[in-house]
Amino acid sequence: MRPHNFDSAKTAFVVTGKKARQFIARTKRELLADFELKDSPSFVEAKPISKFCMEKFLRREVDKVSVLYTHFINTISQRAVVTDAAADQ
């Protein structure tokens, strides 16, 4: 897996949850939107987030959409995962 580096001056964030919102605020990064979700959201609950992000991409307001999340391994170990959902070539 290749490392992902995000230029904070060029990256805007869409987050879910209090910890992510607090991190973005604390690090003074640009927050586009904040969505509330349950721990295990259904497709219907997650759909507004994907719609929001894809609309930004299709309007060319952003040139890339990446999904960052924590993969739960066990109570001691979690792994950060980054998946590119859309990108201009």
Side-chain angles (χ1 to χ4, degrees):
M1 185 167 112
R2 68 182 171 86
H4 285 73
N5 295 314
F6 297 97
D7 181 348
S8 62
K10 295 180 181 179
T11 304
F13 294 85
V14 175
V15 301
T16 63
K18 186 170 101 174
K19 287 183 182 180
R21 181 176 54 250
Q22 289 172 340
F23 175 78
I24 296 301
R26 187 173 60 251
T27 57
K28 297 180 176 26
R29 297 177 186 202
E30 183 182 356
L31 178 64
L32 290 181
D34 176 17
F35 293 86
E36 289 297 325
L37 288 178
K38 298 180 201 171
D39 284 340
S40 297
S42 69
F43 173 79
V44 172
E45 293 166 323
K47 189 175 177 181
I49 302 168
S50 63
K51 182 177 179 186
F52 177 86
C53 293
M54 293 312 294
E55 284 176 355
K56 292 282 186 190
F57 179 76
L58 293 172
R59 290 184 193 139
R60 300 195 181 279
E61 294 174 27
V62 299
D63 60 6
K64 184 176 182 180
V65 175
S66 297
V67 179
L68 291 74
Y69 62 94
T70 305
H71 175 70
F72 180 82
I73 298 167
N74 59 46
T75 55
I76 297 173
S77 182
Q78 296 89 37
R79 182 173 51 95
V81 178
V82 178
T83 302
D84 292 335
D88 281 344
Q89 296 297 334

What distance separates Phe35 CZ from Ser50 OG, expressed to the nearest 0.5 Å?
-> 9.0 Å
Take atom CG of Asp7 as the centre, draw a 6.0 Å sphere, and report whether it contains more than 12 heavy atoms from other residues, nucleotides or ligands.
-> yes
Let me check something: any side-chain donor-acceptor pairs from residues 69-77 under 3.5 Å, sequence neighbours excluded? List them with distances.
from: Asn74; atom 1: OD1; to: Ile76; atom 2: N; distance (Å): 2.9
from: Asn74; atom 1: OD1; to: Ser77; atom 2: N; distance (Å): 2.8

If Ile, Leu, Val, Met, Phe, Trp and Tyr residues are connected whenever their side-chain heavy atoms lie under 4.5 Å apart, and connections chain through other members, are Val14 and Leu37 in the same group?
-> yes
Determine the minimum heavy-atom distance between Arg29 and Phe13, stating which atoms define it.
-> CD-CE1, 3.7 Å
Closest approach of Gly17 and Asp34, non-hydrogen atoms and distance?
-> N-OD1, 4.0 Å
Which atoms form the tightest heavy-atom contact between Val65 and Cys53, and what is the distance?
-> CG2-O, 3.9 Å
Shared hydrophobic cluster for Leu31 and Phe23 (ILVMFWY, side-chain gaps under 4.5 Å) | yes
Heavy-atom closest pair (Glu45 atom, Pro41 atom, distance to 0.1 Å) is OE1-CA, 3.3 Å
Roughly how far, to the nearest 0.5 Å, is NZ of Lys19 from CZ of Arg26?
-> 11.0 Å
Should Ile49 and Leu32 be counted in the same cluster of Ile, Leu, Val, Met, Phe, Trp and Tyr side chains packed under 4.5 Å apart?
-> yes
